[in-house]
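All remarks here apply to the structure that follows.
Every chain is numbered from 1, with letters handed out A, B, ... down the list of sequences.
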Amino acid sequence: MARIGVFVCHCGTNIAKSVDVERVAEAAKSFPHVKFAVDYKYMCSEPGQNIIKEAVKEHKLDRIVVASCSPRLHEPTFQKCAESAGLNPYMVEMANLREQCSWVHDKTEETTEKAIDLVKMAVAKVAKDAPLTRGEIPVTKRALVIGGGIAGIEAALTIADCGYEVVLVERTPSIGGHMAMYDKTFPTLDCSACILTPKMVDCAADPRIELRTYSEVEKVEGFVGNFDVTIRQRAKSVDKTKCTGCGACLEKCPSKGIPSEFDAGMGTRCSIYRPFPQAVPNVPVIDRETCKMFKEGKCGVCSKICPTGAIDYTQEDVVTTEKFGAIVVATGFDLWDHKLCGEYGYGRYPDVITSLQYERLMNASGPTGGKIKRPSDGKEPKNIVFICCVGSRDAEHGFTYCSKVCCMYIAKQAILTKDKIHDSESHVFYMDIRSNGKGYEEFIGMATCNCGTNYMRGRVSKLYPKGDKIVVKGNDTLIGKPVEIEADLVVLATGMQPVHDSVDLARKLGVSTDKYGWLTEAHPKLKPVSMLTDGIYLAGACRYPADIPDTVAQAAGAAGKVAGLFAKDSIKSEPMIAYIDQNSCAACGLCVSVCPFGAIEIEDVKDKRGNVIKQAARVNEGVCKGCGTCAASCRSLSARLRGFEGSQILNEIEALAE
Amino acid sequence: MKYAYYPGCSLESTGKEYDISVRAAAESLGLELVELEDWNCCGATSAHSLDNHLALTLPARNLGIAEKTGLDVTAPCAACYNRMKTAEKALKGDPKLRAEINKETGKDYEGNAAVYSLLEVFAGDEMKKRIAERVTLKLEGLKVACYYGCLLTRPAKVTGYDRYEDPQNMDEIMSLIGAEPVDWYFKTECCGASFGVARASTVERLTAKIIEDARANGADCVVTACPLCMTNLEMRQGELNMPIFYFTELLALALGSEGIQKCFASHLVDVNSALDKVMR
């Protein structure tokens, strides 16, 4: 006979304000098999948990109901508590009196009645609970990091530093990401390349890190500890074992003048290229879309010039499938395209550029060697207007969120402009200044007070060319007057948006994105670097706009999670998952098609002598998340969910209907 | 080709040349315009500044009349078009509001009659084909600044323009009749609209900027599709001597419509400097 204890929580005043908790506890005492019931202010606190443990001992309870908050919040807490009291952790049921009762109803008689019903149902269910045991899953101690920007680099270095193997996959020919494109970084003005390139070199030098540039993840299967990932290494047309990185091919290639991705279109490259001289690995690739040899079948200049014979036009893509225990997603962001914005000229005016393009014009390794020259005529601009929130906080053209980093990099660019062109004037149109990081507010002060940047609070309604100037029509809302500035150069702080194919990647990984396409973390506060799929973590601006300090912190956090996972030889699997009664299963395959995790497959069922006698579904226990979709859809009741058996659910319903 | 035609108040007074030229161009192109019977004021600008409900009810009555003809309706005036289009959008998406307003107007508008600006009508594929075929006088050598003003293309949610800051359909019509549209930047700037009455100095400033940008980019004349823009651009431009045309005037001229010359005579700014370029 079951011996049930019921523990009703006040949750401070969260539940007690609209539910008569004493009455709920009193009522629970009369339910079948309930041997003990009590209420307490905070059941999850240490004294609260002690009440549970002592009651289990004193009343010889073999299962408990905790009537408090959502199981998503505290089910693990009370499972641990039950376990330490000597119970099986799966002999615990939660009645959600907070989210499903007190928070959504006023203090009325009915609210308490509903709370009593919820407890009654949980009591009915727990009476049918059976002990469950967790399984063991082995862990492959090798991590995959997707994306070779600062987030991916930091994550890879940290995981390698913990002693584990890492494969770092990057789509472009070099690691480094956006950070490699920047000139200096806020709020300390240290040179981006000086702090980043050593880390890039470390990545290449570390024997535990394998770089896969010019590569993409094609398919991800498996589950935590045991992912099978298919990676496509695109043909570089250059044999990396022979190439010395001398660069002779880059000088002789006849297909020049292709807009350089790395210079954000401000400079050019040729068909065989490395994005920048400090690229890691320092091996060029041939862009087959523009290469004469691939387009017209003749040229071969790079092959003739190469002293080591490294050029290989016959190279093909290599597709491999490898095992990983954990995945860190660090795929970063794209910039919003201001060509969508007619007020700023639909991208027609050459002297209206993005902040990333301006970054390249300021950068010593950029197309102008760090001399600020405007694109139209190469003149040094004296009057520069910066416009914040282009795409950001703008539901009309872009998106509603704040891109977080623009206020700071605009301040930085204004400071650096003053440094490079002493007699220049910088004007900034802003909505609000968001400078809430360490040293950030002081940095804004440097831009406004020390460098004399003219900050104006207001939006710009129109840009148009007049002679060789760009007229900026805006509004200074603090003085309440329209403003017109004749600028030599206009820099748009275009906002950050998810990488164009972030939703595709999410689909491959079986993880979710928000309405914009940002990858969704497991919990916005408590699990910011984890995803809902175990074993997959995320870092940096693939989750949401992030600056370099935040990105590095998240990358280290994600790497820490990976190291924590790899510190164990095996991990416990959740037992509340689906299973199939193969005796009654007709292998109709409905469960296979409805499973959102791809956890079910049809297999041959053999007898003792190994003869195939029938086919039936089978659940991959490592992949199943216990959502119950299969159990709900199975027509022969062969797919079932442990912890949510038909008898348990029916008992709940019967209790409610009594 | 047949549309219901809502001329609006100004086409019977200050914008008479617009009405004459619309009808002349339409006739040359085989476009039949059926004027709405017993139409009323669209309400601009007073109604929507004061009473949103009234601002929908006034054009809704005209929409109800249009619906009875079984035709889509076109309005030459930018403000009339904008008010009617706004009402169409509001009423189409809200059956409750539609029922309420229909009760007040005594007309049955069920959202079938759609509203088009005159530009949209003349820049439709079939019309463009006919224009190209029927041009008798190519306006070669005439550089025109196509001026759309604020209400023809915006708000884009109402008008459906995708490049609402750089619309092209008037430019396309001008190219078809041999004129050369210039690339300029004040296509969709505001002329000051009804402030022309209350604060003439403001409108003088705005108008001057529009005309200066047109001239700076090489235009011989400004072409508009709005009677109020015409009034402001002509009356408030001071001594700038920039000829202003309705796009339908140039269209009718190119199509050889008779009687269009009398429109040119009644312009407040002499248009001969522009016409001399094409009438040799």
Practice item. Would you please classify the geometry between the B:Tyr246 ring and the B:His267 ring as parallel, tilted or perpendicular, with 30° and 60° separating the classes? Key: tilted

Taking side chain as everything from C-beta outward and backbone as N, CA, C, O, which of these in [X] sits under 4.5 Å from a heavy atom of chain B? Side chain, backbone, both or neither.
X        : result
A:Lys466 : neither
A:Tyr344 : neither
A:Lys473 : side chain

Point to revise | Heavy-atom side-chain contact between A:Trp336 and A:Val390 under 4.5 Å | key: yes

Review point. Chain A heavy atoms under 4.5 Å from B:Asp162: which part of the residue, side chain, backbone, both or neither?
Key: backbone

Revision key, fill the gap. Here the gap from B:Ser117 atom OG to B:Met84 atom CE, rounded to the nearest 0.5 Å, amounts to 12.0 Å

Check your understanding: Have B:Asn232 and B:Thr207 got a donor and an acceptor in their side chains that come within less than 3.5 Å?
Key -> no

